[in-house]
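Atom set for the values below is all heavy atoms of this structure, side chains included, hydrogens, waters and symmetry mates excluded.
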Amino acid sequence: MSKSYQQATPSALSERPRFVSLGAGVQSSAMLLMLDVGELPGPLPEAALFADTGWEPDAVYRQLDYLKRTVKRIPIHHVSAGSIRRQLLSHAAGRARFASPPLYTLAPNGVDKGQLRRQCTREFKIEPMLRWLRDRGYGPKHPVLQLLGITLDECERMSPSRVKWAAVAWPLIDARMTRASCLAWLADHGHPEPPKSACIGCPFRSHFGWSTLTPAEREDAIEVDAAIRRLPKMRASTYLHRDCKPLSEIDLRSPKERGQLSVLDGECGGWCEA
């Protein structure tokens, strides 16, 4: 029994209106397309919600446009809490609070490393979706079920919703699908391979993940990384890259650009959404 069904009885959950949490990456794209053509069980979702952080790679927006053209029975809606990039730069300049991304930290001794608590997912992904639902009458008296695109190979990302009226479920887990089987399904049905779904400057990017950005997007990330080195009220230096080095000093070229073979890394799952 999946964790989603621990939040309520299966019959109670089956009666709730369903909504797709869409990140426009591999898993959530495959899930939405499969739901649209009836290849995953359950009632047709009422809508798919794309939480736009305002700092998504162009490839993500192109994939979103493709889904809007291709998905026939499930409407896709944008929700947003503004630009995470703008908020981060404003905070770095001492003008506003910020919902911290999981920035990497380096203590003044140049040795001890750490990482800030991740707040950005809740404020820029989860809360805009919940606000959209509340604005349309959903809530404690009219609960919903949100469908997340997590696959079997990343089941450690599963966790129950903290909001009782917005339970979560994982159709791809129940279908015993992996990221690889999502890619295979997409290819078999003539769909393009979706991009990695994560903000341009997401600290969770791997070395390969940084290389998937366009040159202009890398320059954008380098600019933001330089601006956040000394955040207000912090003694430690902060970085976007896990090596705690300036992005300008790291080779962000793709393996192809460097003449090397590559192996795809995983995606940002859960609410940041695959």
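In this structure, R86 places its CZ atom where only 12 or fewer heavy-atom neighbours from other residues, nucleotides or ligands lie under 6.0 Å away. For R176, the CZ atom is loosely surrounded, since the number of other residues' heavy atoms within 6.0 Å does not exceed 12. Around NZ of K113, the count of heavy atoms belonging to other residues, nucleotides or ligands within 6.0 Å exceeds 12.
Here the straight-line distance linking atom CD1 of I74 with atom CG of L44 works out to 4.5 Å at 0.5 Å rounding. Atom CG in L130 sits 5.5 Å away from atom CZ in R134 (nearest 0.5 Å). Expressed to the nearest 0.5 Å, how far CZ of F124 lies from CD of Q119 amounts to 10.5 Å. Annotation: the span from L152 atom CG to W170 atom CH2 amounts to 13.0 Å, rounded to 0.5 Å. Rounded to the nearest 0.5 angstrom, R235 CZ and R230 CZ are separated by 10.0 Å. Once rounded to the nearest 0.5 Å, the distance linking CG of L103 with CG of L116 reads 5.0 Å.
Side-chain atoms of T53 never come within 3.5 Å of backbone atoms of I84 as a donor-acceptor pair (strictly under, hydrogens ignored). Counting only distance, with no hydrogens or angles, the side chain of R18 and the backbone of L145 share no donor-acceptor pair below 3.5 Å. Although no hydrogens or angles enter the test, the distance criterion places a donor-acceptor pair under 3.5 Å between the side chain of K72 and the main chain of R69. Between the E249 side chain and the P246 main chain, no donor and acceptor come within less than 3.5 Å of each other. Under a 3.5 Å cut-off, the side chain of R16 and the backbone N or O of V144 do form a donor-acceptor pair. Between the side chain of R253 and the backbone N or O of S211, no donor-acceptor pair lies under 3.5 Å. Proximity of a side-chain donor or acceptor of S28 to a complementary backbone N or O of G149 within less than 3.5 Å is not detected. The backbone N or O of A107 lies less than 3.5 Å from no partner atom in the side chain of D112, so there is not a single donor-acceptor pair. D153 places a side-chain N or O within donor-acceptor distance of the main-chain N or O of R179, the cut-off being under 3.5 Å. Remark: the backbone N or O of R205 is paired with a side-chain donor or acceptor of R242 at under 3.5 angstrom.
L88 and Y104 fall into different hydrophobic clusters, where Ile, Leu, Val, Met, Phe, Trp and Tyr are joined by side-chain heavy atoms under 4.5 Å apart, directly or via other members. Hydrophobic clustering (ILVMFWY, side-chain heavy atoms < 4.5 Å, transitive): I200 and I222 are in one cluster. Grouping the Ile, Leu, Val, Met, Phe, Trp and Tyr side chains by contacts below 4.5 angstrom, directly or via other members, places V224 with M234. Hydrophobic cluster membership differs between Y239 and V111, with clusters built from Ile, Leu, Val, Met, Phe, Trp and Tyr side chains linked at under 4.5 angstrom. Hydrophobic clustering (side-chain heavy atoms under 4.5 Å, transitive across Ile, Leu, Val, Met, Phe, Trp, Tyr) keeps V60 apart from L240.
The shortest distance between side-chain heavy atoms of L213 and D220 does not fall below 4.5 Å. Looking only at side-chain heavy atoms (C-beta outward), L147 and L35 come within less than 4.5 Å of each other. Taking the side chain as every heavy atom from C-beta outward, W55 and Q87 never approach each other to under 4.5 Å. Put simply, the side chain of Q27 does not reach to within 4.5 Å of the side chain of S197, judged on heavy atoms. Between P102 and C120 there is a side-chain heavy-atom pair separated by less than 4.5 Å. C155 has its side chain within reach of I173: a pair of non-hydrogen atoms, C-beta onward, lies under 4.5 Å apart. Between D243 and H207 there is a side-chain heavy-atom pair separated by less than 4.5 Å. Contact annotation: the side chain of E193 never approaches that of L186 to less than 4.5 Å [non-hydrogen atoms, C-beta and beyond].
Taking F98 as the reference, H91 meet the ring-ring contact (aromatic ring centres under 6.0 Å, His included) condition, with sequence neighbours excluded. In this structure E39 satisfies the side-chain contact (heavy atoms from CB on, under 4.5 Å) test together with M34, V37, W185, H189, sequence neighbours excluded. For F50, the ring-ring contact (aromatic ring centres under 6.0 Å, His included) test picks out H78, with sequence neighbours left out. Partners of P128 under the side-chain contact (heavy atoms from CB on, under 4.5 Å) rule, at least two apart in sequence or in another chain, are V79, A81, R131.
For S80 against G82, the heavy-atom pair with the smallest separation is OG-N, 2.9 Å. Considering all non-hydrogen atoms of both residues, S159 and V168 come closest at O-CG2, 3.7 Å. The two atoms that bring A24 and P194 nearest to each other are O-CB, 3.9 Å, heavy atoms only. When all heavy atoms of S83 and G54 are compared, the closest pair comes out as OG-O, 4.2 Å. When every heavy atom of H241 is checked against every heavy atom of I250, the shortest pair comes out as CG-CD1, 3.4 Å. Of all non-hydrogen atoms in Y66 and T70, the two that sit nearest each other are O-OG1, 2.8 Å.
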**Study point:** Verdict with reasoning, L67 to S29, per side chain to side chain contact (heavy atoms under 4.5 Å, CB included)
**Key:** CA-CA 8 Å; L67 293 172; S29 292; 3.6 Å; yes

Check your understanding: Could you walk me through whether R122 and R162 pass the side chain to side chain contact (heavy atoms under 4.5 Å, CB included) check?
Key -> CA-CA 11 Å; R122 171 156 293 278; R162 296 181 182 179; 3.8 Å; yes

Check your understanding: Passes side chain to side chain contact (heavy atoms under 4.5 Å, CB included), L32 versus I76? Steps please.
Key -> CA-CA 10 Å; L32 178 61; I76 299 173; 3.9 Å; yes

Exercise for review: Please report the C-alpha distance between L33 and D36 in whole Å, then the side-chain angles of each, then the deciding distance to 0.1 Å, and finally whether the side chain to side chain contact (heavy atoms under 4.5 Å, CB included) criterion is met.
Suggested key: CA-CA 5 Å; L33 289 162; D36 190 56; 5.5 Å; no

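Residue pairs meeting the ring pair (Phe, Tyr, Trp, His ring centres under 6.0 Å) criterion with at least one partner in residues 211-231, sequence neighbours excluded, are absent. Residues in residues 42-62 take part in these salt bridge (charged side-chain N to carboxylate O under 4.0 Å, His left out) pairs, two or more places apart or across chains: E56-K125.
Between the side chains of R118 and S100, no donor-acceptor pair is found at a separation under 3.5 Å. Under the 3.5 Å distance criterion, with hydrogens and angles disregarded, no donor-acceptor pair is assigned to the side chains of S161 and Q146.
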